[in-house]
K.L.:
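Have a look at this one before I ask anything.
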Amino acid sequence: MKRDLQYDVVVVGGGPAGINAAIASGRAGAKTLLVERYGFLGGMSTVALVYPWMTFHTNSGNHVIKGIAQEVVDRLMAIDGSPGHLRDTVGFTYTVTPYHPEKYKMVALDMLEEAGADVLVHSFVDKVEVDGNKITSVNLTTKSGPIRVSAKQFVDTSGDADVAYLSGAPCLQGRDSDHQTQPMTMKFRMRGVNLQRIKEEMKSNPGNFYRKTPIAELDELPLTGVQGFYKEWNESGIPINRDQVLFFAGPEDDEVLVNCTRVQGLDGTNVFDLSEGEKEGRKQMLMIAEFLQTKIPGFEKASISAVGSQIGIRETRRIEGLYALTLDDAVNGKKYEDTIALSGYPIDIHDPTGKGVQANDIEGDGSYGIPYRCLVPKVIDNLLMGGRCISTTHEALATTRLTPSCMATGQAAGTAAALSIKDGVAPRDLDIDRLKSYLIENGVML
């Protein structure tokens with residue numbers, strides 16, 4: 001078996017950011033390898049049942065995330081794997097995008113193959129070799145033994161900044177005051193749910209639901225999400241540090257994805273904390289399922305249909321980049337000369353230690369720009385970041401971590417890696433106008 005592999009671009013992490021990075025790199029002509037530790041692609045969208053995708057639009061309905069991300073949605077719609085972008089009946093965003101995780105796994109593989117990118121699953125990066133300020137290779141632990149992969153450029157879409165951290169690039173974690181991160185969540189699905197019964201309950205008691213819920217439009221809109229049942233939750237006495245019920249409809253007609261567990265105070269990069277989180281998350285999951293079945297109208301005949309293969313991680317390490325996006329940048333809708341992606345998702349900080357969620361809408365036209373500098377580490381000349389481990393503050397991460405935003409930064413990172421090789425420059429020296437023009441030509445909104 002060949003133990004040493006050589007590529008132009010190696011992308012580590014097969015979640016939505018990594019998928020889009022590898023597709024973009026392959027389409028730009030670079031010999032590309034995508035490395036993923038699980039046996040399938042999709043990252044948190046598949047392994048942890050993060051669902052639906054939120055959001056491709058601003059709160060006024062302006063479509064700001066397109067490119068490869070929209071191609072994925074279009075491909076899913078063509079095989080009945082997604083209904084496309086639907087109004088968010090929670091009211092937190094303008095749209096949500098339901099999708100079928102098993103169909104997404106295959107669409108991703110098809111698009112990667114078409115782009116000429118190779119995929120290696122069941123492979124875990126455990127060492128990064130560095131010479132000066134450049135990564136020379138990554139070492140993979142596999143079922144077949146160790147494999148060494150060399151490349152000209154590397155893209156870290158691991159979610160946890162694994163490659164950056166192992167290379168010695170400086171990273172940050174959590175909020176500045178105590179380094180606590182947003183809580184983990186064990187997500188699960190239930191079938192046998194009567195969504196029409198839930199709709200009627202929402203219309204008859206609107207004060208028991210999120211203040212932005214479009215109650216007056218529920219007769220015309222398909223139910224995509226529900227946040228509320230405050231009274232039932234508060235009376236339940238469930239020992240989970242949150243204040244409401246949250247679930248999303250689909251992908252089947254009688255199915256919902258429940259987002260109610262909250263595991264706080266643990267470090268998603270610490271294997272002992274992760275082990276504790278998996279246990280606590282599953283304990284909470286069973287507790288919440290019983291509560292829904294006995295206390296929430298519409299769940300009387302519901303049963304658990306799927307549980308995340310692992311607990312969902314909102315926040316771990318992030319890179320120290322040439323620029324760190326801030327809360328004010330996002331909320332004020334700031335744009336930059338080196339903007340490589342737009343996002344319209346609000347600030348959404350799940351309190352690391354308390355019950356609540358801090359939410360801030362995006363002002364101006366409802367979108368903010370993510371600058372290319374957030375993808376470029378302060379050190380390591382041939383590394384780019386994509387997804388939730390780009391350079392931001394703890395507060396700004398609460399918007400950039402959402403899947404469509406990660407898809408957009410992934411496409412930018414993969415494109416930049418390939419163009420840097422073509423131009424013979426380090427990513428930090430890449431002509432930003434060339435990068436932006438290329439992204440626009442490939443459907444990206446800037």
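No experiment lies behind these values; they were computed from the predicted model shown. Computation of the quantities below employed the complete heavy-atom set of this structure, encompassing side-chain atoms and omitting hydrogens, waters and symmetry-equivalent molecules. By convention here, the first residue in the shown sequence is residue 1.
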K.L.:
Less than 4.0 angstrom from a charged side-chain N to a carboxylate O is my criterion; do E395 and R175 meet it?
P.N.:
no
K.L.:
P377 and I319: which non-hydrogen atoms are nearest, and at how many Å?
P.N.:
CB-CG1, 3.9 Å
K.L.:
Atom CD in E315, atom CG in D160: separation rounded to 0.5 Å?
P.N.:
11.0 Å
K.L.:
Do you know which two heavy atoms are closest between L41 and A108, and how far apart they sit?
P.N.:
CD1-CB, 4.4 Å
K.L.:
For the pair D4 and R148, find out whether any cationic side-chain nitrogen is under 4.0 Å from an anionic carboxylate oxygen.
P.N.:
yes
K.L.:
In terms of side-chain geometry, is the basic nitrogen of R282 or E278 positioned less than 4.0 Å from the acidic oxygen of its partner?
P.N.:
yes
K.L.:
So, taking the atom named CD1 in I23 and the one named CE in M111, what distance separates them when rounded to the nearest 0.5 Å?
P.N.:
4.0 Å
K.L.:
With no hydrogens and no angle check, is any side-chain donor or acceptor of T339 less than 3.5 Å from a backbone partner on P371?
P.N.:
no
K.L.:
Could you give me the CA-CA distance, side-chain angles and deciding distance for M54 and Y345, then say whether side chain to side chain contact (heavy atoms under 4.5 Å, CB included) is met?
P.N.:
CA-CA 7 Å; M54 301 168 67; Y345 190 81; 3.8 Å; yes
K.L.:
Hey, does the side chain of K187 reach the backbone of G312 with a donor-acceptor pair shorter than 3.5 angstrom?
P.N.:
no
K.L.:
Salt bridge check, K199 against D219: does any charged N sit closer than 4.0 Å to a carboxylate O?
P.N.:
no
K.L.:
Looking at Y51, I'd like to know if the NZ or CZ of R189 sits under 6.0 Å from its six-membered ring centre while staying within 45 degrees of the ring's axis.
P.N.:
yes
K.L.:
If I compare all heavy atoms of S405 with all of Y368, which pair ends up nearest, and what's the gap?
P.N.:
OG-OH, 4.4 Å
K.L.:
Is K355 paired with D243 through a side-chain N to carboxylate O contact shorter than 4.0 Å?
P.N.:
no
K.L.:
Could K105 and F40 be counted as a cation-pi pair, given that NZ or CZ must be under 6.0 Å from the ring centre and within 45° of the axis?
P.N.:
yes
K.L.:
Considering only NZ, NE, NH1 and NH2 on the basic side and carboxylate oxygens on the acidic side, decide whether E114 and R75 come within less than 4.0 Å.
P.N.:
yes
K.L.:
Should T409 and T400 be marked as a side chain to side chain contact (heavy atoms under 4.5 Å, CB included) after you check the CA-CA gap, both sets of side-chain angles, and the distance that decides it?
P.N.:
CA-CA 9 Å; T409 57; T400 59; over 6 Å; no
K.L.:
Does R317 count as lying over the ring of Y165, i.e. NZ or CZ under 6.0 Å from the six-ring centre, within 45 degrees of the axis?
P.N.:
yes
K.L.:
Is the closest side-chain heavy-atom distance between V35 and V138 below 4.5 Å?
P.N.:
no
K.L.:
Just how far is it from atom CG of L140 to atom CG of L5, taken to the nearest 0.5 Å?
P.N.:
7.5 Å
K.L.:
Picking from D88, N259, L246, what satisfies side chain to side chain contact (heavy atoms under 4.5 Å, CB included) with Q227?
P.N.:
L246
K.L.:
Without placing hydrogens or testing angles, list every side-chain donor-acceptor pair under 3.5 Å for residues 436-443, not counting sequence neighbours.
P.N.:
{"residue": "K436", "atom": "NZ", "partner": "E337", "partner atom": "O", "Å": "2.9"}
{"residue": "S437", "atom": "OG", "partner": "D433", "partner atom": "O", "Å": "2.9"}
{"residue": "N442", "atom": "ND2", "partner": "Y438", "partner atom": "O", "Å": "2.8"}

K.L.:
For residues F248 and W53, establish whether the separation of their ring centroids is below 6.0 Å.
P.N.:
no
K.L.:
Please find the pair of heavy atoms, one from G414 and one from A24, that lie closest to each other, and give the distance.
P.N.:
C-CB, 4.3 Å
K.L.:
Kindly assign one of parallel, tilted or perpendicular to the pair F56 and H63, based on the angle between their ring planes and the thresholds 30° and 60°.
P.N.:
perpendicular
K.L.:
Would you check if the distance from the ring center of Y336 to the ring center of Y323 is below 6.0 Å?
P.N.:
yes
K.L.:
How are the rings of H57 and H85 set to each other: parallel, tilted or perpendicular (split at 30° and 60°)?
P.N.:
perpendicular
K.L.:
Could you check whether D348 pairs with R401 (Lys NZ or Arg NE/NH1/NH2 to Asp/Glu carboxylate O, under 4.0 Å)?
P.N.:
yes
K.L.:
So, taking the atom named SG in C171 and the one named CE in M385, what distance separates them when rounded to the nearest 0.5 Å?
P.N.:
6.5 Å
K.L.:
Side chains of D328 and T326: any donor to acceptor distance under 3.5 Å?
P.N.:
no
K.L.:
As an exercise, state the distance from CG of L322 to CD of E320, rounded to the nearest 0.5 Å.
P.N.:
11.0 Å
